[in-house]
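Worksheet: the structure to be examined is printed underneath.
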Number of protein chains: 2
Amino acid sequence: MAEIRSPSSVRSRIVEVADRLFYERGFEATSFADIATDTGLSRGNFYYHFKSKDEILAAVISLRMARTREMLTVWESETPEPADRMLAFANILITNRAKIMAHGCPVGTLCAELAKLEHGAQDEAATIFTLFRDWLTRQFVALGRADNADALAMHVLMRSQGIASLATAFRDEAFIAREVDALAAWLSHPKL
Amino acid sequence: MAEIRSPSSVRSRIVEVADRLFYERGFEATSFADIATDTGLSRGNFYYHFKSKDEILAAVISLRMARTREMLTVWESETPEPADRMLAFANILITNRAKIMAHGCPVGTLCAELAKLEHGAQDEAATIFTLFRDWLTRQFVALGRADNADALAMHVLMRSQGIASLATAFRDEAFIAREVDALAAWLSHPKL
DNA sequence: ACGCATATAGGTCAATTGTCCTATGGCTAG
DNA sequence: CTAGCCATAGGACAATTGACCTATATGCGT
């Protein structure tokens, strides 16, 4: 009866489904029953792969970090100009506008929720932001702005978060496009 | 045995406690038991004042709208220069930095949570943003920027949200101060 | 002093939650 | 072919949730 899958495949499928549900509905609002439905597995079976829901959250954060690292690496290897790389970063907001208008930024909303829950994984979630922060800092250093590269990086990150937040509240595509343009213009002459 | 309070006082105390708890812990993570503990009332008693938890949420949103309206009115009546009024807006981030680092922006985090829950009160929560948006728009109009006053207003709102989001993730007071300064500088020569 | 609408307490309810347990299926090593 | 481990299913668990109910206490109008 039971379909046979390699354990790593099942484990990663649980994590991928949880990743999507945590993003769409939030961590607390996602139950084991929800993950069971979407994976097609039985509820009790999760505890063979994970000791607790928090352990699934840790795996989801690890997955998001790995994906973020890969995305940043690709940009760094495929886009020669640091300025263009950061434009690629800004364009996530355009590419993912539908999901962002529906569920916000995956990183920002997770950090916000975990902060309210006073959840232990709060700092680990913020580490995903740190990946972007350090990557952006490196781009500004490459642009000869080593003096305040981190502050400039935080400014870019700040604007991306603000855009995502208001995009969710107002669901306004034109606003996103306008602010991404403004961010792109700022990136061509970054100053604080 | 039972202490006697005027009904409106009890009702508003429920709303005020719920307002604080929804902010600190989130709407879903706050239970009737939590509100009961902090109000000193019995759980069952809530249903005399509110038909459901959603009705408490609606009252909380109304309370926040009323407080926002009052705050904006005070700024408009006590601060003659529109530019200075908007500086007062930006300074909320400094004044409330401790709470923002702990729980984020009350409006932004509520909108984000309700969006994920696909909650019916989502648009009502966004209306609080609209109060700020329209108020900021009026300030830019007063500054002679009627042509794109709304876009400028959304930009200010966007930056306040971005600052709050990263303030929660990184808990960095210096970042808040730096970005509020940058926002103040932008406000002296607003351009998109 | 009395009656009645208002307000409060606290119990009860089914549903859902994360967690844990056990039985059983299938695969592989020998 | 068989023994044994890996993987899965599905039920059971206590705790918690939002919601509902009823009994009782309060204070006002008369």
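The chains referred to below are lettered A, B, ... by the order of the sequence lines, with proteins before strands, and numbering in each begins at 1. Just the heavy atoms: all of them, side chains too, but no hydrogens, waters or symmetry mates, feed the values below.
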Calculate the interatomic distance between [X] atom [atom1] and [N] atom [atom2]; express it in whole Å.
X: B/K51; N: D/dC21; atom1: NZ; atom2: C1'; value: 17 Å
X: B/F32; N: D/dA19; atom1: CZ; atom2: C1'; value: 8 Å
X: A/F50; N: C/dC20; atom1: CZ; atom2: P; value: 15 Å
X: A/K53; N: C/dC20; atom1: NZ; atom2: P; value: 15 Å
X: A/L41; N: C/dG25; atom1: CG; atom2: C1'; value: 15 Å
X: A/I35; N: C/dT16; atom1: CD1; atom2: P; value: 17 Å
X: B/F46; N: C/dT12; atom1: CZ; atom2: P; value: 20 Å

Checking contacts here: which listed nucleotide ([options]) is nearest the side-chain heavy atoms of [X]?
X: B/H49; options: C/dT8, C/dC20, C/dG11; result: C/dT8
X: A/V10; options: C/dA9, C/dT19, D/dT8; result: D/dT8
X: A/R43; options: D/dG18, D/dT8, D/dA12; result: D/dA12
X: B/S42; options: D/dA19, D/dT17, C/dA9; result: C/dA9
X: B/A33; options: D/dT17, D/dA19, C/dT8; result: D/dT17

TODO: Taking only Lys NZ, Arg NE, NH1 and NH2, and the carboxylate oxygens of Asp or Glu, determine whether B/E24 and B/R20 approach each other closer than 4.0 Å.
DONE: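 B/R20 and B/E24: salt-bridged.
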Task: N-O pairing of A/E76 and A/R138 below 4.0 Å - done: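 Here A/E76 pairs with A/R138 in a salt bridge, since their nearest N and O are under 4.0 Å apart.
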Does a nitrogen or oxygen in the side chain of [X] sit under 4.0 Å from OP1 or OP2 of [N]?
X: B/Y48; N: C/dA7; result: yes
X: A/Y47; N: C/dT19; result: yes
X: A/S31; N: C/dT17; result: yes

Task: Position toward the 5' end of DNA chain C (nearest nucleotide), A/G44 or A/A29 - done: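 Per heavy-atom nearest nucleotide, the more 5' residue is A/A29.
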Task: Closest-nucleotide ordering on DNA chain C, the 5'-leading residue of A/N45 and A/D34 - done: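 Between the two, 5'-proximity favours A/D34.
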Open item on the list: Can you tell me how far apart CE (B/M86) and CH2 (B/W135) are? Round to the nearest 0.5 Å.
Closed with: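 So the gap between those two atoms works out to 7.0 Å.
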Open item on the list: Testing the 3.5 Å rule here: is there a donor-acceptor pair between the side chains of B/S42 and B/N45?
Closed with: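 No, because no side-chain N or O of B/S42 sits under 3.5 Å from a partner of the opposite role on B/N45.
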TODO: Determine the interplanar angle of the B/F89 and B/F132 rings, folded into 0 to 90°, and report it as parallel if under 30°, tilted if 30 to 60°, perpendicular if over 60°.
DONE: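 Ring orientation, 0 to 90° scale: tilted.
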